[in-house]
Amino acid sequence: MASLSASLSHFSRISLSLQHDNNNKIPQSQCHHFLLSRRFNSLRKGITLPRQTKSPSNGRICASFTDVSQNVAVEEKGLQKGESWSVHKFGGTCMGSSQRIKNVGDIVLNDDSERKLVVVSAMSKVTDMMYELINKAQSRDESYISSLDAVLEKHSSTAYDILDGENLAIFLSKLHEDINNLKAMLRAIYIAGHATESFADFVVGHGELWSAQMLSLVIRKNGADCKWMDTREVLIVNPTSSNQVDPDYLESEQRLEKWYSRNPCKVIIATGFIASTPKNIPTTLKRDGSDFSAAIMGALFKARQVTIWTDVDGVYSADPRKVSEAVILKTLSYQEAWEMSYFGANVLHPRTIIPVMRYGIPILIRNIFNLSAPGTKICHPSVSDNEDKMNLQNYVKGFATIDNLALVNVEGTGMAGVPGTASAIFGAVKDVGANVIMISQASSEHSVCFAVPESEVKAVAEALQSRFRQALDNGRLSQVAVIPNCSILAAVGQKMASTPGVSATLFNALAKASINVRAIAQGCSEYNITVVVKREDCIKALRAVHSRFYLSRTTIAMGIIGPGLIGSTLLDQLRDQASILKEEFNIDLRVMGIIGSKSMLLSDAGIDLARWKELREEEGEVANLEKFAQHVHGNHFIPNTAIVDCTADPGIAGHYYDWLRKGIHVITPNKKANSGPLDQYLKLRALQRQSYTHYFYEATVGAGLPIVSTLRGLLETGDKILQIEGIFSGTLSYIFNNFKDGRAFSEVVGEAKEAGFTEPDPRDDLSGTDVARKVIILARESGLKLELSNIPVESLVPEPLRACASAQEFMQQLPKFDPEFAKKQEEADNAGEVLRYVGVVDVTNQKGVVELRRYKKDHPFAQLSGSDNIIAFTTRRYKNQPLIVRGPGAGAQVTAGGIFSDILRLASYLGAPS
């Protein structure tokens, strides 16, 4: 023991109070000690663990050590640094099995670099298993023994798979020696009921030691000049107060030179994650330590490149689990990678970037399971990157989120201009050990808000309440408010914030997705814009901004209500145009649901429109409008939602307000909402104007004709509407265009019915109610506040036939009234005129009317054929010669086309390129 005491300057002395005897205690004077050697800079083949001996005189456990650093004669061979070295890092997943270790060996051997340093993690799950050993031992759970046996079995079976002969014997011998030493150490921890941090770090680090030794033997078996490095001999770090470590590059460089002089080779397999303190005490590099090890080694060797091998193809523009259309980024600057890492992107830990950035060493993220993928390169931005075409996508590289946060808002007029307020606020936060994620302060200094993890917000709020109790009582501070359930969304890009339009586009995308922003922060570094949103809105917000910025195409989730004649025709048109819209116009329309009166079909990814009828039969469920709307809107992979109502149901129209309020766009040919009660119409339009949610209804008036949009264009450009007059019914246009040459009125109506121009009951057309609804829609668009009941309507259904029980009975009785209609037609013909059923909006006199009128044969209304509609706008600009809109006004194809046009108009409003 005397010689051991002489070397105490090289050892850390760790005391364990052993608990045994009948009394379970021994006096402090008989406390037993383990002395662990930590002079890693002088060890050539790892740490020589204590050999337990038992003193016969007092029963004390002692430890003997061999200091192999003394008097070792080595041939000094200088380490050549620089471009000849490439660094690879393989994580636990890459080293997860015997086959994967072989694959890693193949990758290393196939790298044509002159010299290679390979950093490896422990095998998959082994680090967790080692921590579990410590936890069980210090909890006095004897199952730590069987758990250690499982660790032994995992590595033994792997070694038998990949090694043979002398290599296998060497590894198994060392493995069993390590396991026996760990048993003794864990037994001591079990007795003491406690493990120091250095003990824990020493135990946990064995996973990396075994991985490095196995891989080095695999590579050496293939004839390569390879040695393995216990990085605790080389890598020296200083612990910090924030549970992190700072590398000591000068000392590490000196130790590396010494290690390499003793172990010159072309391939080095180094342990990741583990290191030593300046006092040679084992420690770890904490979270993502193996990546950090690789970066530090890259800097020490001045390597050409550091490749981080993982299980993904590279760095994504957003989390692919949240954004299915996220793409792999080819390049990132160091700053961009750092920002995305800080804000939660699965890239690298921010500190990993620091060592390589100092020397401009690129980091390459590669997928070990997909060697054909080029990966993502993290480096200084090149000149060509800066000279790339100037569009928003080049400045916004990606998006990241942090969940489970809370906002703390400290507010009060007494804060303005008072030095030290911010210091006091964050001093209180520091005292409770909370981590501040983001800070935002208005220039008025009236309030300061900041985000902290939700698990820490209670302690933060209590500390602030205590610290500012007097200011709160005196009214100098008005409140310390906590806003829970928040998430952070960060947009990251090189010089993004200095580019005009980026912020505007970001917030516009959020607004159009009905996302409310709680707080904003943007640093002068120009690498990120950060917003705080509700937690439940986070994924939707992420997808909205990603779709708007990065994909440069508009994706809309649609629900189709009413797959009847018009609805099914629309679905056919969407099917035929979908690929063209996506490829040529960057518009992605996905039908997520189709609902009829009895059944509905729902899909999470989009319904195959070539098979929707078949799928509805096979997978349809009972119709539930509330569930339908929730499904279409709740699909957060798509930020924009639209419901297309192809029915004439007033009950469906009654849901428009709630849908719009929830951020669901509405498109419809259903006239019931805009011609219903005036107060409901005004409420609907007010909501539309106040929000970014759109309500399009072009097809309510002229099927596919641009009537509503023409009227809006006139009004928005400052024209004044005097009168709108038109033939608004394709059915009645057909009837009166063919009611001539002595034909009976009932015959023409029957012909129109057979051709499918009328409703199943022609009285629905002849009553004029449909025309009246169109008139009231245009009247309200023109600014008139009229009810449907204010419009006089001349019905073409003879009074005695209005009570007929069926359409069949009506058609049978209609010929009795042919003479009455023939007389009107004859009188008009004798006067050189024609009969036309028209609707009129008299804006000047603030009234409307629907009636049968006579027009000269040279009038535009007399020139119609078939089922055409015609509308004449008389305005201040078009007073002497009205603006005429004419074309087909009935039929499933043109009506569906009008709805489709509104869908594309919505896509344009949402950002699709024109």
Sequence neighbours left out, cut at 3.5 Å: what donor-acceptor pairs do the side chains of residues 145-153 make with other protein atoms?
residue	atom	partner	partner atom	Å
S146	OG	S143	O	2.8
S147	OG	K136	NZ	2.9
S147	OG	S143	O	3.2

Below 3.5 Å, can you tabulate the donor-acceptor pairs from side chains in residues 211-221 to any protein atom, sequence neighbours excluded?
residue	atom	partner	partner atom	Å
S211	OG	S121	O	3.0
S211	OG	M123	N	3.3
S211	OG	G207	O	3.3
Q213	NE2	L209	O	3.1
S216	OG	A212	O	3.2
S216	OG	Q213	O	2.8
R220	NE	C226	O	3.3
R220	NH2	C226	O	3.4
K221	NZ	I162	O	2.9

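Legend: salt bridge (charged side-chain N to carboxylate O under 4.0 Å, His left out) pairs involving residues 90-110, not counting sequence neighbours: none detected. Residue pairs meeting the ring pair (Phe, Tyr, Trp, His ring centres under 6.0 Å) criterion with at least one partner in residues 138-163, sequence neighbours excluded, are Y144-Y190, H155-W210. Under the ring pair (Phe, Tyr, Trp, His ring centres under 6.0 Å) criterion, no residue pair touches residues 117-142, with sequence neighbours excluded.
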**Request:** Go through the steps to decide whether K183 and I179 satisfy the test side chain to side chain contact (heavy atoms under 4.5 Å, CB included), and finish with yes or no.
**Result:** CA-CA 6 Å; K183 278 184 181 178; I179 293 294; 4.2 Å; yes
**Item:** Residue pair F426, V436: steps toward the side chain to side chain contact (heavy atoms under 4.5 Å, CB included) verdict
**Value:** CA-CA 9 Å; F426 294 109; V436 176; 4.2 Å; yes
**Request:** Test N370 against S372 for side chain to side chain donor-acceptor pair (under 3.5 Å), laying out the working first.
**Result:** CA-CA 5 Å; N370 183 15; S372 62; 2.7 Å; yes
**Message:** Let's go through F273 and F292 carefully: what are the C-alpha distance in whole Å and the side-chain angles of both, what is the deciding distance for ring pair (Phe, Tyr, Trp, His ring centres under 6.0 Å) to 0.1 Å, and is it a yes or a no?
**Reply:** CA-CA 8 Å; F273 184 58; F292 197 19; over 10 Å; no
**Request:** Let me see the working for K286 and E197 under salt bridge (Lys or Arg N to Asp or Glu O under 4.0 Å), right down to the final yes or no.
**Result:** CA-CA 12 Å; K286 317 306 177 187; E197 183 179 356; 3.0 Å; yes
**Request:** Report the C-alpha distance between V532 and M438 in whole Å, list the side-chain angles of each, state the deciding distance to 0.1 Å, and finish with yes or no for side chain to side chain contact (heavy atoms under 4.5 Å, CB included).
**Result:** CA-CA 9 Å; V532 179; M438 187 204 83; 3.6 Å; yes
**Derivation of the side chain to side chain contact (heavy atoms under 4.5 Å, CB included) call for I189 and H194** = CA-CA 6 Å; I189 294 172; H194 173 70; over 6 Å; no
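Rounding to the nearest 0.5 angstrom, the gap separating the NZ atom in K154 from the CG atom in L175 is 13.0 Å. To the nearest 0.5 Å, the span separating CH2 on W259 from CG on L235 amounts to 13.5 Å. In this structure, the separation between NZ on K116 and OG1 on T307 is 12.0 Å, given to the nearest 0.5 Å. Atom CD1 in I308 sits 12.5 Å away from atom CD1 in I368 (nearest 0.5 Å). With rounding to the nearest 0.5 angstrom, the OG atom of S276 is 7.5 Å from the CG atom of D230. With rounding to the nearest 0.5 angstrom, the OG1 atom of T196 is 10.0 Å from the CD atom of Q138.
Side-chain contact between Q254 and L250: present, with at least one pair of heavy atoms (C-beta onward) separated by less than 4.5 Å. Side-chain atoms of L405 and I437, non-hydrogen and from C-beta on, do get closer than 4.5 Å to each other. Looking at Q305 and V87, their side chains never come closer than 4.5 Å, going by heavy atoms from C-beta outward. Within the 4.5 Å cutoff, side-chain heavy atoms of T127 are placed close to those of E208. Side-chain contact between L182 and H206: present, with at least one pair of heavy atoms (C-beta onward) separated by less than 4.5 Å. Proximity of I365 to T310: side-chain heavy atoms (C-beta onward) are separated by under 4.5 Å at one or more points. A 4.5 Å side-chain heavy-atom check between I488 and T401 finds every atom pair outside the cut-off. Side-chain contact between N367 and W309 is absent, with no heavy atoms from C-beta onward closer than 4.5 Å.
Judged by distance alone, with hydrogens and angles left aside, the side-chain atoms of T240 form a donor-acceptor pair with the main-chain N or O of Q244 at under 3.5 Å. One N or O on the side chain of T277 and one on the backbone of K279 form a donor-acceptor pair closer than 3.5 Å. Between the side chain of R366 and the main chain of L371, a donor-acceptor pair closer than 3.5 Å is present. In this structure, N181 contributes its side chain and E177 its backbone to a donor-acceptor pair below 3.5 Å. Side chain of T231 to backbone of I274: a donor-acceptor contact under 3.5 angstrom is found.
Under the side-chain contact (heavy atoms from CB on, under 4.5 Å) criterion, L300 pairs with Y249, S252, E253, L256, I296, M297, not counting sequence neighbours. When the salt bridge (Lys or Arg N to Asp or Glu O under 4.0 Å) test is applied to E454, the partners found at least two apart in sequence or on another chain are R535. Listed by chain and number, the residues in a side chain to side chain donor-acceptor pair (under 3.5 Å) with Q99 are N103 (sequence neighbours excluded). Take D201 and apply the salt bridge (Lys or Arg N to Asp or Glu O under 4.0 Å) test, not counting sequence neighbours, and it matches no residue. Qualifying side-chain contact (heavy atoms from CB on, under 4.5 Å) partners for A461, counting only residues two or more places apart in sequence or in other chains: V482. For K227, there are no salt bridge (Lys or Arg N to Asp or Glu O under 4.0 Å) partners, not counting sequence neighbours. Taking the side-chain contact (heavy atoms from CB on, under 4.5 Å) definition, one finds that K430 meets it with nothing, sequence neighbours left out.
Between N238 and D246, the side chains place no donor N or O within less than 3.5 Å of an acceptor N or O (distance only, hydrogens not considered). Under the 3.5 Å distance criterion, with hydrogens and angles disregarded, no donor-acceptor pair is assigned to the side chains of T352 and D291. A donor-acceptor pair shorter than 3.5 Å can be found between the side chains of D111 and S86.
Heavy atoms only, all atoms of each residue included: V356 and A295 are closest at CG1-O, 3.8 Å. In terms of heavy atoms, Y316 sits closest to V312 at CE1-CB, 4.4 Å. Between V104 and C94, the shortest heavy-atom contact is CG2-O, 3.6 Å. The two residues A318 and L542 come nearest to each other via the heavy atoms CB-CD1, 4.2 Å. Nearest heavy-atom pair, L172 versus A159, reported as atom, atom and distance to 0.1 Å: CD2-CB, 4.3 Å. Residues A406 and P484 share a closest heavy-atom pair of CB-CA, 4.1 Å.
Classification of K322 and D403 as a salt-bridged pair holds, one side-chain N sitting under 4.0 Å from a carboxylate O.
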